[in-house]
Amino acid sequence: MPLIVQKFGGTSVADAEKIQVAARRAIQAQQQGNQVVVVVSAMGKQTDMLVDLADQLCEDPPAREMDMLLSTGEQVSVALMAIAIHSLGHKAVSLTGGQIGIRTDSSHTKARIQSISTGRMRQLLDDGNIIIAAGFQGIDEAFNITTLGRGGSDTTAVALAAVLEASVCEIYTDVDGVFTTDPRLVSEARKMNQVSHDEMLELASLGAGVMHSRSIEFGKKFNVPIHIRNSAVFNDEMGTIVGPMPESEERSVSGVALIKKEARITIRGVPDQPGTSLSIFLRLSEVNLAVDMIVQNVGAEGQADISFTVLDSDLREALQAVEKAAAELGAQGITHDANVSKVSIVGLGMATQTGVADRMFRALADTDVNIEAITTSQIKVSVLVEQEKAMDALLAVHREFELEKPARARVTYSDLATAEKRTDASTVVDRLQHMEELTIEGVVLDQSQARVTMALVPDQPGIVARIFEAVAAEDVLVDMIVQSMGTDGYANVSFTVPRKSVDQARSVVGKLAAELGGSITHEPEIDILSVFGIGIRSHTGVGTRTFQALLEAGINAEMINTSEIRLNVAVASGKGEAGLAALKEAFRDVLSEVD
Ligand code: ADP
Ligand code: ASP
Ligand code: MG
C-alpha cells in the first residue's frame with residue numbers, strides 16, 4: 001500500500017480547530033488508500049515562547065536543557081492530533097522522536113539524524129493506525145533528548161518519508177508553496193510550480209525560511225518528492241514540488257533570498273600564507289557554526305584581511321571562536337558589523353549564462369544600494385548590503401529578473417512519477433545507516449580559468465555593475481566573483497574567466513581602472529579545486545578538512561567560495577594537481593565514488 005507523509009507546521013496546528021482540520025486531511029489520505037504518517041510542529045508560536053522563558057532565566061541556557069524544554073512543544077501537538085483523529089472515529093498513535101527511534105548525534109539544539117528505526121512504525125501502520133510523529137526531535141546514544149535546530153520538523157518529515165519510502169512528503173504550511181521570494185516581504189512574489197533540489201538547498205540556506213535546508217538534503221539524497229502546500233486550501237491545487245528539475249530551463253534566476261540579520265566579522269592583518277583559512281574554519285566548526293561569504297583580501301606586505309558572515313544570532317559565539325583563531329594567527333585585530341543583510345539570487349541557469357551577476361549589480365546601483373561584499377557559486381550570487389537598504393535591494397533584484405512573470409506549465413503527480421527514478425530499496429537502506437552524514441560526490445580540478453583582480457575600486461554604488469557589464473558585453477562567462485568588504489572606502493574585486501578570455505576581460509576592466517583609478521593584476525592561469533556533494537557548507541567539517549589538506553600540501557587558498565553543494569578554492573596554477581591528490585586523500589573515507 002502506498003505511504004504518504006504529511007507535515008503540519010506551527011500555524012497549521014495553532015488551535016483546536018486547525019488541529020481538527022489537519023486531522024481530517026490525514027484521515028482523507030488514509031481513506032484514499034494510503035498508509036499515513038503525520039509529522040507535527042509545536043502549536044503556533046509555542047517554541048518561541050519556550051525560548052523566551054528560558055532567556056528570562058538565563059543568558060546562556062545549557063543546550064541540553066533547551067532541548068528538553070523545546071521538545072515538549074511537539075509532544076503537546078502530537079497528543080492533541082492523535083486525540084482529534086480518535087474523536088473522528090479513526091485509529092492514531094502519537095510517538096515522540098525517542099519512541100520512533102530517531103537517533104541523532106549529541107550536538108544539542110542542532111543535532112543531526114543518524115538513523116531511524118522503522119519496525120514499530122510499520123507494525124502500527126499495518127494495524128491501521130495513522131502515526132503522529134513529533135517533529136524536530138530525536139534521542140542520542142545516552143537517551144538525551146535532542147532537537148534538530150529551528151524549523152527542524154521539515155527535516156523529520158522528509159527523513160521519515162525517506163526511510164519509509166513514501167510516495168510523497170507533503171509539507172503543509174501557511175503559504176501556497178515556495179515563492180520566488182518571501183511573499184510576506186514582496187507582494188509580487190510568485191509561487192513556483194517546481195524548484196530543483198539544488199536551488200531549494202541554496203534558497204533555504206540563504207534565507208528562504210519556508211523549508212529547513214537540511215530537509216532538502218534528505219530529499220535529494222533519497223529522492224523523496226516533496227510537495228509544499230497551503231494547509232488552509234482545500235482543493236487539488238498544486239503547491240510547489242521540490243524535485244530533480246528546475247521550474248524553467250531558460251531562466252537564469254529562479255528565486256531571491258534575504259537574510260535580514262547577518263553579521264560580518266573581519267580578522268585584520270593575518271599573514272597571507274597557507275593555514276589562515278584553516279584556523280578560522282577549525283575554530284568555528286568546533287562550535288558547529290557554518291560560515292558564509294568568506295573573503296580574503298590581499299593587503300600590503302604579505303598581510304591579508306579575512307572576512308566572513310554568520311547569522312546575527314550566532315555573532316557572539318562566532319566572535320569568541322574567532323578570537324582564538326586571531327590569537328593563533330597573530331592577527332592585528334577583529335572588527336565586526338551587525339548591521340548587514342545578505343541578498344542572494346539563485347538559479348541553475350546562471351551556471352551557463354553570461355550577464356547574470358552584472359544585472360543584479362546594476363539593479364542595486366540604480367536603487368542606490370552599495371554592495372559591501374560579493375561572493376558567488378555556480379548557482380548563486382550573494383551580496384552584503386546595509387540592513388536598512390535590504391528591502392529595497394530585495395525588491396529591485398526581484399523586479400530585475402522579472403520573477404513575478406510565470407514560467408512554464410505546472411507539473412502534476414503523474415509527471416512526478418515518471419520523472420522520478422527512485423533508488424532501489426537496498427541502496428536506500430544501505431545509505432540510511434548514515435542518514436545525515438556528509439555526502440561527498442567528488443573532488444575535481446578545473447584548469448580552465450584565469451583570474452583578474454581590480455584593486456582599490458572606490459566602494460560606492462555602481463562600480464561593480466560597470467565592471468561586470470563591461471565583461472558581459474564581451475560575452476565572457478564569469479565564474480567566481482569575490483568582492484572584499486570595503487575598508488577605508490576602497491574594495492578589491494577578483495573574478496575568474498576562461499583562460500582564453502582573460503585578455504579581453506583585462507582590457508575592458510583596464511579601461512575602467514584607468515578611468516576610476518583602480519589597478520589591475522591578473523593570473524593567466526589559475527587552478528580551481530572543488531569538493532562537491534550535499535550539505536557541504538552546513539557540515540562544517542568540509543572546510544576544515546579541505547584547508548587542513550591544503551595546508552599539509554603547502555598550498556595557499558587565493559579565492560574561496562562556498563555553497564550547500566560545493567566548496568571551491570582557487571589556487572596558484574601548477575598547484576592544482578597536488579591539491580587534487582591531497583583532497584582526494586583527505587576525503588577518501590567519505591567519497592561515495594572515487595573517480
Ligand atoms: P511552518 O510553521 O509551516 O513550518 P514557516 O514559518 O517555517 O512555516 O515557513 C513558512 C513561511 O516562510 C511563510 O509564512 C513565509 O513568510 C516564509 N518564506 C520565506 N521565504 C519564502 C519563500 N521563498 N516562499 C514561501 N515562503 C517563504
Ligand atoms: N517547533 C520547532 C520550531 O519552531 C520546529 C519546527 O516548527 O519545525 O523551530
Ligand atoms: Mg518551518
Side-chain angles (χ1 to χ4, degrees), residues 6-14 18 22 38-52 66-67 69-78 97 109-111 133-138 145-160 169-195 199-216 226 228-233 239-240 242 247 253-260 313 342-347 394 397-398 403-404:
Q6 298 184 323
K7 178 255 172 179
F8 295 91
T11 40
S12 310
V13 292
K18 288 190 170 143
V38 175
V39 175
V40 281
S41 292
M43 294 170 69
K45 299 258 173 249
Q46 181 66 14
T47 313
D48 291 336
M49 276 164 51
L50 294 171
V51 170
D52 184 54
M66 284 309 288
D67 281 353
L69 177 67
L70 298 192
S71 65
T72 61
E74 272 68 14
Q75 202 170 324
V76 170
S77 44
V78 282
T109 75
K110 42 191 128 178
F136 168 63
Q137 54 177 266
I145 294 175
T146 53
T147 65
L148 308 180
R150 296 303 306 269
S153 296
D154 297 326
T155 295
T156 308
V158 183
L160 288 178
C169 181
E170 295 181 334
I171 305 285
Y172 286 94
T173 183
D174 58 2
V175 285
D176 290 343
V178 180
F179 283 66
T180 49
T181 194
D182 188 342
R184 296 190 197 285
L185 298 180
V186 176
S187 59
E188 54 211 65
R190 180 183 55 81
K191 190 198 81 192
M192 295 189 241
N193 298 318
Q194 182 176 353
V195 60
E199 288 168 319
M200 193 65 222
L201 260 171
E202 293 301 343
L203 285 170
S205 93
L206 294 169
V210 62
M211 287 295 281
H212 196 227
S213 72
R214 281 159 51 193
S215 67
I216 311 298
I226 300 173
I228 300 157
R229 52 201 315 202
N230 196 328
S231 59
V233 171
T240 303
V242 186
E247 190 181 41
V253 174
S254 301
V256 192
L258 167 70
I259 300 183
K260 186 84 195 282
S313 52
K342 180 162 64 188
V343 178
S344 310
I345 53 174
V346 172
L394 183 66
V397 172
H398 195 272
L403 296 179
E404 70 288 352

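Order of listing sets the numbers, starting from 1, for every ligand and every atom in it. If you read the sequence from its start, that first residue is 1, and numbering goes on from there.
Contact annotation: for Glu74 versus ligand 2, heavy atoms closer than 4.0 Å belong to the side chain alone. Only the backbone of Thr181 comes within 4.0 Å of ligand 1, counting heavy atoms alone; no side-chain atom from C-beta on gets that close.
Looking only at distances, no side-chain donor or acceptor of Ser213 sits under 3.5 Å from a matching main-chain atom of Leu201. In this structure a side-chain-to-backbone donor-acceptor pair under 3.5 Å is present from Arg190 to Leu403.
The distance from ligand 1 to the heavy atoms of Gly209 drops below 4.0 Å at these ligand atoms: 7 (O), 9 (O), 12 (O), 19 (C), 20 (N). When each atom of ligand 2 is checked for a heavy atom of Arg150 under 4.0 Å away, the hits are 3 (C), 4 (O), 9 (O). Counting atoms of ligand 2 from 1 in the listed order, those under 4.0 Å from a heavy atom of Gly151 are 3 (C), 5 (C), 6 (C), 8 (O), 9 (O). Every atom of ligand 1 with a heavy atom of Lys7 under 4.0 Å away is listed here by number and element: 4 (O). Taking every non-hydrogen atom of Thr47 and a distance limit under 4.0 Å, the qualifying atoms of ligand 2 come out as 1 (N), 2 (C), 3 (C), 4 (O). Close approach of ligand 1 to Val178 is summarised as follows: ligand atoms under 4.0 Å from at least one heavy atom of the residue are 24 (N).
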Applying salt bridge (charged side-chain N to carboxylate O under 4.0 Å, His left out), run through Lys45 and Asp52 and close with a yes or a no. CA-CA 11 Å; Lys45 299 258 173 249; Asp52 184 54; over 6 Å; no
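At least one side-chain heavy atom of Thr180 sits less than 4.5 Å from a side-chain heavy atom of Met192. Looking at Asp174 and Arg184, their side chains come closer than 4.5 Å, going by heavy atoms from C-beta outward. In this structure, the side chains of Ser344 and Glu202 stay at 4.5 Å or more apart for every pair of heavy atoms. By the 4.5 Å heavy-atom criterion applied to side chains, Lys7 and Ser41 are counted as neighbours. Using a 4.5 Å heavy-atom cutoff, the side chains of Leu258 and Asp182 are not in contact. At least one side-chain heavy atom of Met200 sits less than 4.5 Å from a side-chain heavy atom of Val210. Considering only heavy atoms from C-beta on, Val76 stays 4.5 Å or farther from Gln46 through its side chain. Using a 4.5 Å heavy-atom cutoff, the side chains of Val51 and Arg150 are in contact.
Within 6.0 Å of the CD atom in Glu404, the count of heavy atoms belonging to other residues, nucleotides or ligands exceeds 12.
Relative to atom 25 (C) of ligand 1, the option among Ala157, Ala42, Gly177 with the closest non-hydrogen atom is Gly177. When the options Val13, Val210, Asp182 are ranked by their closest heavy atom to atom 16 (O) of ligand 1, first place goes to Asp182.
Atom 23 (N) of ligand 1 has Phe179 O, 3.0 Å as its closest protein atom, hydrogens excluded (heavy atom only). Of the protein's non-hydrogen atoms, Ser41 OG, 3.1 Å is the one closest to atom 7 (O) of ligand 2. With hydrogens left out, the protein atom closest to atom 6 (C) of ligand 2 is Ser153 OG, 3.3 Å, a heavy atom. Here the heavy atom of the protein found nearest to atom 2 (O) of ligand 1 is Gly10 N, 3.1 Å.
For the side-chain contact (heavy atoms from CB on, under 4.5 Å) with Val178, the qualifying choice from Asn193, Ile226, Thr173, Ile228 is Ile228, the only one to do so.
Contact between Ser41 and ligand 1 is absent, with no heavy atom of the residue lying under 4.0 Å from the ligand. At least one heavy atom of Pro183 sits less than 4.0 Å from an atom of ligand 1. A heavy-atom separation below 4.0 Å is not found between Gly10 and ligand 2. Ligand 2 has at least one atom lying under 4.0 Å from a heavy atom of Gly152.
Backbone and side-chain nitrogen or oxygen atoms of Thr173 are examined, and one is located within less than 3.5 angstrom of a nitrogen or oxygen of ligand 1. Of the N or O atoms in Asp154, none lie within a sub-3.5 Å distance of an N or O in ligand 1. Taking distance alone, with nitrogen or oxygen atoms compared against 3.5 Å, Asp174 approaches ligand 1 more closely than that limit. Ligand 1 has no N or O atom lying under 3.5 Å from any N or O atom of Gly207, backbone or side chain.
Donor-acceptor pairing under 3.5 Å is recorded for the side chains of Thr147 and Asp67.
The protein does not reach atom 6 (O) of ligand 1 closely, with no heavy atom under 4.0 angstrom from it.
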